[in-house]
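First comes the structure, then the notes that go with it.
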Amino acid sequence: MKEEQLFDPMIAYLKEEGYSILEQHRGYEHGTDIVATKDDYKFLLELKGDSAAYDVDFGTMIYQIMKKMQGLSSDKYGLVVSENYRKHAARCKFPLVKLKISVYIVNESGVELLF
């Protein structure tokens, strides 16, 4: 699944959950891929499509989201990937949960909150 294919299902999911979409940076645009808001906090999400190096790309997106974390902020953070990243996300579950970074899987069935 290409990164571009992750946007619409994730945005629809966020809207169903009561979020408003503030920003979308598709393709090679700079910035957080999706910024949503709800209840006076922002939800920053990085998306990553399929690649030849899933482990490297998963690590890259963790770095990308961690760079956006602010010390006293009440913002939320998430990673959005295809089904092909499931095992890589599972291997990183403990530190990601500790850092309060959610992981979402997008597949043919829709969007699944992995943790």
Side-chain angles (χ1 to χ4, degrees):
M1 193 173 254
K2 294 181 181 180
E3 184 172 311
E4 176 63 32
Q5 295 172 292
L6 303 173
F7 274 89
D8 291 339
M10 191 64 207
I11 288 170
Y13 176 88
L14 290 167
K15 287 180 177 179
E16 287 174 16
E17 294 293 314
Y19 287 90
S20 297
I21 306 304
L22 297 177
E23 298 176 30
Q24 307 178 44
H25 296 104
R26 297 176 184 237
Y28 294 102
E29 296 177 41
H30 291 289
T32 305
D33 292 331
I34 298 174
V35 179
T37 187
K38 178 180 174 183
D39 300 331
D40 297 326
Y41 66 85
K42 289 182 182 177
F43 193 8
L44 292 83
L45 298 120
E46 286 294 330
L47 287 69
K48 188 64 73 181
D50 292 345
S51 75
Y54 290 103
D55 54 344
V56 172
D57 283 344
F58 194 75
T60 298
M61 71 186 306
I62 291 170
Y63 172 71
Q64 288 173 322
I65 203 69
M66 287 177 63
K67 287 190 315 183
K68 294 170 177 45
M69 295 177 139
Q70 303 294 321
L72 299 175
S73 172
S74 62
D75 293 342
K76 292 186 174 186
Y77 305 92
L79 307 175
V80 182
V81 294
S82 74
E83 187 67 44
N84 293 321
Y85 284 91
R86 185 180 291 272
K87 70 179 180 181
H88 302 288
R91 289 181 184 144
C92 297
K93 181 178 180 177
F94 179 77
L96 291 173
V97 168
K98 196 107 169 123
L99 290 168
K100 298 180 181 176
I101 299 173
S102 301
V103 175
Y104 295 86
I105 303 284
V106 177
N107 55 35
E108 299 79 31
S109 303
V111 176
E112 170 191 349
L113 173 60
L114 191 57
F115 53 83

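L22 is not connected to L14 by any chain of hydrophobic side-chain contacts under 4.5 Å among Ile, Leu, Val, Met, Phe, Trp and Tyr, and they are in different clusters. In the hydrophobic cluster analysis, where Ile, Leu, Val, Met, Phe, Trp and Tyr join through side-chain heavy atoms closer than 4.5 angstrom, L44 is grouped apart from I21. Hydrophobic cluster membership is shared by L47 and V106, with clusters built from Ile, Leu, Val, Met, Phe, Trp and Tyr side chains linked at under 4.5 angstrom.
Looking only at side-chain heavy atoms (C-beta outward), V81 and I105 come within less than 4.5 Å of each other.
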Indicate every side-chain donor-acceptor pair of residues 55-72 with a distance under 3.5 Å to a residue at least two apart or in another chain.
from: D57; atom 1: OD2; to: S51; atom 2: OG; distance (Å): 2.6
from: T60; atom 1: OG1; to: V56; atom 2: O; distance (Å): 3.0
from: K68; atom 1: NZ; to: Q64; atom 2: O; distance (Å): 3.4

Review item, side-chain donor-acceptor pairs of residues 34-42, under 3.5 Å, at least two apart:
from: T37; atom 1: OG1; to: Y41; atom 2: O; distance (Å): 3.0
from: K38; atom 1: NZ; to: E17; atom 2: O; distance (Å): 2.6
from: Y41; atom 1: OH; to: Y19; atom 2: OH; distance (Å): 3.1
from: Y41; atom 1: OH; to: K76; atom 2: NZ; distance (Å): 3.2

Atom pairs and distances, side-chain donor-acceptor, residues 108-115, under 3.5 Å, sequence neighbours left out:
from: E112; atom 1: OE1; to: R86; atom 2: NH2; distance (Å): 2.7
from: E112; atom 1: OE2; to: R86; atom 2: NH1; distance (Å): 3.3

Checklist line | Residues V80, F7; criterion side chain to side chain contact (heavy atoms under 4.5 Å, CB included); working and verdict | finding: CA-CA 9 Å; V80 182; F7 274 89; over 6 Å; no
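For D50, the side-chain contact (heavy atoms from CB on, under 4.5 Å) partners are M1, Y54, S82, N84, Y85, not counting sequence neighbours. Legend: residues meeting salt bridge (charged side-chain N to carboxylate O under 4.0 Å, His left out) with R91, ordered by chain and number and at least two apart, are absent. Take E3 and apply the side chain to side chain donor-acceptor pair (under 3.5 Å) test, not counting sequence neighbours, and it matches no residue.
Across all their heavy atoms, L45 and T32 have their closest contact at O-CG2, 3.5 Å.
Ion pairing between R26 and D8 holds under the 4.0 Å rule for side-chain N and carboxylate O.
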